[in-house]
Amino acid sequence: MHGLLLRLLKAGAVLLALTAGAAADEYPDKPIRLIIPFPPGGSNDVVGRLVARHLSDQLHQQVFVDNRGGAGGTIGTDIAAKAAPDGYTLLLTSTPHVILPHLHKKIPFDALKDFAPIMQFGDQPYALTIHPSLGVTTVKELIALAQKQPGNINYASSGNGGAQHMFAALFVSMAKINMVHIPYKGSGPARADLLGGQVKVGCLGIASVLANHKAGQVRILAVTSAKRSPEIPDIPSIAETIPGYSASLWQGMTVPRATPQAVIERIGRDLAKTMESPDVRATFERSGTYVVVTNPKAFGDLLRVELDKWGKVAREINLQVD
């Protein structure tokens with residue numbers, strides 16, 4: 001009896017594997033939805049639409065964008081978490097994915113357990129930028145000035161809990177200084193007031209302030225990535241003054257957790273080919289984003305490390321939206 005049961009279990013396992021293999025061979029046989037949990041027009045939307053267009057060519061099936069903005073990304077991410085795990089719903093996942101859980105007392109999904117990572121494909125460092133009237137030219141000088149004038153220097157961001165806020169808050173924390181956060185309703189108004197000198201400091205996307213830096217309207221003191229940016233190699237990284245500092249707006253792809261492994265591998269292979277496209281690379285470069293091709297394990301590790309890092313920052317600055 002025991003032997004018969006064992007043979008039946010083995011047969012069932014073989015049948016399951018064959019069924020999964022057949023499903024993977026047939027995948028995809030209908031259009032695929034890429035959920036971008038932000039409104040149209042932002043940097044994640046631009047990157048996501050470009051990737052979707054080229055991934056369609058690789059998969060020989062349409063990958064269409066479904067913008068589900070709202071609540072800082074919570075709405076779209078929750079829709080993806082609850083979608084059927086069949087490979088026909090993808091989620092563009094970026095840094096806010098691991099910040100969100102620390103902003104709200106309760107969110108309707110688990111940022112790690114409800115998703116299977118496929119790969120990180122983009123990385124966008126920001127620029128620690130000041131208005132020239134502040135009178136400093138290096139990160140060291142900024143820290144020294146803030147130490148002499150605790151609470152008198154303000155920094156702008158696109159809003160509470162956004163990447164601009166968190167990257168600057170991490171800098172303030174690691175530098176052990178006191179600067180006042182001024183949240184705006186979007187990156188446009190924050191940038192405008194930094195250009196006008198109403199606020200003195202901000203962590204903004206390199207592409208959004210590089211021309212102004214060259215024109216002398218603002219001054220980029222450093223980049224937020226661990227190493228210097230190839231785009232502006234004469235500008236140091238914050239880490240050269242504060243060892244261990246590193247922050248960037250990364251992008252990647254995830255799917256609902258129970259998606260078959262064979263389907264995940266298929267998407268991963270074609271996504272890697274997508275990132276080799278000269279059009280994709282050129283567009284990424286123009287937006288200040290670097291192509292990064294990883295694997296599920298590496299991306300999963302990044303998600304865990306980033307979730308922990310931004311949790312510590314949020315607790316230190318007592319940040320909670322609700």
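None of these values were measured; they are calculated from a predicted model. Just so you know, residue 1 is the first one in the sequence shown, and it goes up from there.
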| field | Check against side-chain contact (heavy atoms from CB on, under 4.5 Å), Arg33 and Val63 | value | CA-CA 6 Å; Arg33 173 174 64 162; Val63 179; over 6 Å; no
| task | Determine which pairs satisfy ring pair (Phe, Tyr, Trp, His ring centres under 6.0 Å) with at least one residue from residues 210-231, sequence neighbours left out, and list them in order. | result | none
| For Arg219, side chain to side chain contact (heavy atoms under 4.5 Å, CB included) partners two or more places apart | Ile130, Pro132, Thr137, Leu221
| query | Under 3.5 Å, is there a donor-acceptor pair between the Ser56 and Arg53 side chains? | reply | no
| note | Students should find that the hydrophobic cluster of Phe109, defined by side-chain heavy atoms under 4.5 Å apart, otherwise consists of Ile35, Ile75, Ile79, Leu91, Leu100, Ile107, Phe115
| field | side-chain hydrogen bond (donor to acceptor under 3.5 Å, both in side chains) involving Lys309 - partner list, sequence neighbours excluded | value | Glu306
| If you look only at pairs with a residue in residues 64-90, which of them pass as a ring pair (Phe, Tyr, Trp, His ring centres under 6.0 Å), with sequence neighbours excluded? | Tyr27-Tyr88
| query | Tell me, which pairs form a ring pair (Phe, Tyr, Trp, His ring centres under 6.0 Å) where one or both residues lie in residues 119-164, sequence neighbours left out? | reply | Tyr126-Phe167, Tyr155-His181
| request: Take Asp78 and Lys82 through the test salt bridge (Lys or Arg N to Asp or Glu O under 4.0 Å) and record every step on the way to the result. | output: CA-CA 6 Å; Asp78 185 45; Lys82 293 176 171 57; 2.4 Å; yes
| query | Yes or no on salt bridge (Lys or Arg N to Asp or Glu O under 4.0 Å) for Glu276 and Arg281, after CA distance, side-chain angles and deciding distance? | reply | CA-CA 7 Å; Glu276 295 174 359; Arg281 288 182 172 273; over 6 Å; no
Show which side-chain atoms of residues 144-152 pair as donor or acceptor with protein atoms under 3.5 Å away, not counting sequence neighbours.
none

| query | Does atom NZ of Lys227 have more than 12 heavy-atom neighbours from other groups under 6.0 Å away? | reply | no
| field | Contacts of type side chain to side chain contact (heavy atoms under 4.5 Å, CB included), residue Val180, not counting sequence neighbours | value | Asn154, Ile182
| query | Do any pairs count as a side chain to side chain donor-acceptor pair (under 3.5 Å) and have a residue in residues 184-199, sequence neighbours left out, and if so which ones? | reply | Tyr184-Asp193, Arg191-Asn212
| Are side-chain heavy atoms of Leu249 and Pro96 found at a separation under 4.5 Å? | yes
| salt_bridge(Arg257, Asp114) N-O dist < 4.0 Å | no
| query | Just by distance, with hydrogens left out, do Tyr290 and Ser248 show a side-chain donor and acceptor under 3.5 Å apart? | reply | no
| note | Contacts of Ser94 meeting side-chain hydrogen bond (donor to acceptor under 3.5 Å, both in side chains) (sequence neighbours excluded), chain-then-number -> Asn44
| task | Would you mind listing every side chain to side chain donor-acceptor pair (under 3.5 Å) that reaches into residues 167-176, with sequence neighbours excluded? | result | Ser173-Glu316
| Heavy-atom distance under 4.5 Å between the side chains of Thr93 and Met253, does that happen here? | no
| task | Evaluate the side-chain contact (heavy atoms from CB on, under 4.5 Å) criterion for residues Arg304 and Asp301: first the C-alpha distance (whole Å), next the side-chain angles of each, then the deciding distance (0.1 Å), finally the verdict. | result | CA-CA 5 Å; Arg304 283 186 287 274; Asp301 290 344; 2.6 Å; yes
| said: Is there a side-chain contact (heavy atoms from CB on, under 4.5 Å) between Asp57 and Asp270? Walk through the geometry before answering. | reply: CA-CA 9 Å; Asp57 295 336; Asp270 285 347; over 6 Å; no
| Do Ile238 and Val313 share a hydrophobic cluster, counting only Ile, Leu, Val, Met, Phe, Trp and Tyr and linking them when any side-chain heavy atoms are less than 4.5 Å apart? | yes
| message | Suppose the criterion is ring pair (Phe, Tyr, Trp, His ring centres under 6.0 Å): which pairs have a residue in residues 246-273, not counting sequence neighbours? | response | Trp250-Phe299
| said: Hydrophobic clusters here meaning ILVMFWY residues chained together by side-chain heavy-atom distances under 4.5 Å, can you tell me if Val201 and Ile206 are in one? | reply: no
